[in-house]
Amino acid sequence: MDFIFILHLVLILIFTKIAGHLSVKLGQPSVLGELIAGVILGPAILGWVQQTSFIHEFSEIGVLVLMFIAGLETDLDQLRQNWKAALAVAVGGVILPFFGGYGAALSFGMENHHALFFGLLFCATSVSISVQTLKEMNQLSSKEGTTILGAAVVDDILVVILLAIMMSVLGTSGESVSIGSLIGKKVLFFGVIIAASIWVVPVVMKWFAKLKVTETVISGGIIIALAFSYFAEWMGIAGIIGAFAAGIAISQTEFKHTVESKLEPIAYSLFVPVFFVSIGLNVDFEGVGSQIGFIIVISVVAILTKLLGGALGARLTGFNGRSSFSIGAGMISRGEVALIIAGTGLASGLLDPEYYTSLIIMVIVTTLVTPPFLKIMFSNKKGSTLENNN
């Protein structure tokens, strides 16, 4: 039997823990070191670990568990209070990156439909890296943290709708997409999730707690998280949104602390490190020398437009300057969301294969810079982060 995947897990766990430790010693969040560990282990440098289906599926569980924990730790009351800010941050984080990416693509001579897709890809946000960084700094439940999480949910919905419109109008796959049906599915998803969170989740958790076998509460929590995630994907929304919603639902029950305390050791000792490494495994520097200028430009544009777009949305809704840029920094990472969109664009003909590797590197760059950015922005955070809005 081929046990190479066991060796891969051993290497991943050793490298992530050592790299994370060194990152903390250098004053950075441990997640930065874990991301770099993936680059070192992968094709870019050592080539010891490849992006196999096993690693991919393992990492999928990792990001779902990470967002489930984020939901468990989210202050729902504060999330409700900050919904206007979250909406403004999401809109600002879509408009500015779209035009920035579109303009950058046109400046390098891309055809208009390819440039439009480039702009859309720049709109993507994945806060899984931000979640871990904020968690390490004890800022996940802060006003900034909950605003980032709320904005990420809205951002995901906006990008999915825009992608469907673009594929319908510009795509070469010949598929027709009903925008009304698409929006209807999103509304239905949230309606079902809210109803299930109020009336189903508490009953299910209490039922599991009564079972005469070991660890029933944590099993119930995981089942709900995976079920919500699957339902989200089925309805055309990222699975991480479903996992996050499941965490919020269980956080409103008496089982919150039990699930959290049981799940974290499993998550951070095994599944989450694999997720961080899997991002770095996508980096491959072969054949990108001729596009180095292009990669630098799109990386800078991707970082600045998301930072400024998110910060502007936060500023307009009452956050002070430092807090606004903290929120903008939390939206920078494109992560696995952009990778999924890039794959969709490649299959539909909206993304020129010539630029695929460069885009992947841009996604990795935005992911790598997010932890240090957040560390800097939150390092001098003092007192209230909202100004008086009488």
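Keep in mind that the numbers below use all heavy atoms, side chains included, and drop hydrogens, waters and symmetry copies.
Between the side chain of Thr366 and the backbone N or O of Ile303, no donor-acceptor pair lies under 3.5 Å.
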- [ ] Evaluate side-chain hydrogen bond (donor to acceptor under 3.5 Å, both in side chains) for Ser141 paired with Asp75, printing each intermediate quantity in order.
- [x] CA-CA 6 Å; Ser141 295; Asp75 186 331; over 6 Å; no
- [ ] Mind running side-chain hydrogen bond (donor to acceptor under 3.5 Å, both in side chains) on Ser333 and Ser126 for me, showing each step along the way?
- [x] CA-CA 6 Å; Ser333 175; Ser126 175; 5.1 Å; no
Open item on the list: Please determine whether side-chain hydrogen bond (donor to acceptor under 3.5 Å, both in side chains) holds for the pair Glu136 and Ser30, giving the CA-CA distance in whole Å, both sets of side-chain angles, and the decisive distance to 0.1 Å.
Closed with: CA-CA 8 Å; Glu136 290 183 27; Ser30 65; 2.5 Å; yes
Open item on the list: Run the ring pair (Phe, Tyr, Trp, His ring centres under 6.0 Å) test on Phe189 and Phe231 for me, step by step, so that the C-alpha distance in whole Å, both residues' side-chain angles and the decisive distance to 0.1 Å come before the verdict.
Closed with: CA-CA 8 Å; Phe189 167 77; Phe231 181 58; 5.5 Å; yes
TODO: Applying salt bridge (Lys or Arg N to Asp or Glu O under 4.0 Å), run through Glu264 and Lys135 and close with a yes or a no.
DONE: CA-CA 12 Å; Glu264 285 195 347; Lys135 185 174 170 59; 2.7 Å; yes
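Residues Phe98 and Phe122 keep their aromatic ring centres 6.0 Å or farther apart. A centroid separation of 6.0 Å or more is found between the aromatic rings of Phe228 and Tyr230. Residues Phe294 and Tyr355 place their aromatic rings such that the two centres sit under 6.0 Å apart. Side-chain rings of Phe54 and Phe58 approach one another, their centers coming within less than 6.0 Å.
When the side chains of ILVMFWY residues are joined at heavy-atom separations under 4.5 Å, either directly or via intervening members, Ile266 and Phe275 end up in a single hydrophobic cluster.
Under 3.5 Å, the side chains of Ser326 and Glu144 contain no donor-acceptor pair of N or O atoms.
Looking at Asp155 and Lys306, a side-chain N of the basic residue comes within less than 4.0 Å of a carboxylate O on the acidic one, giving a salt bridge.
Considering Leu350, Val94, Leu351, Val159 as possible partners of Leu120, the one that fulfils the side-chain contact (heavy atoms from CB on, under 4.5 Å) test is Val159.
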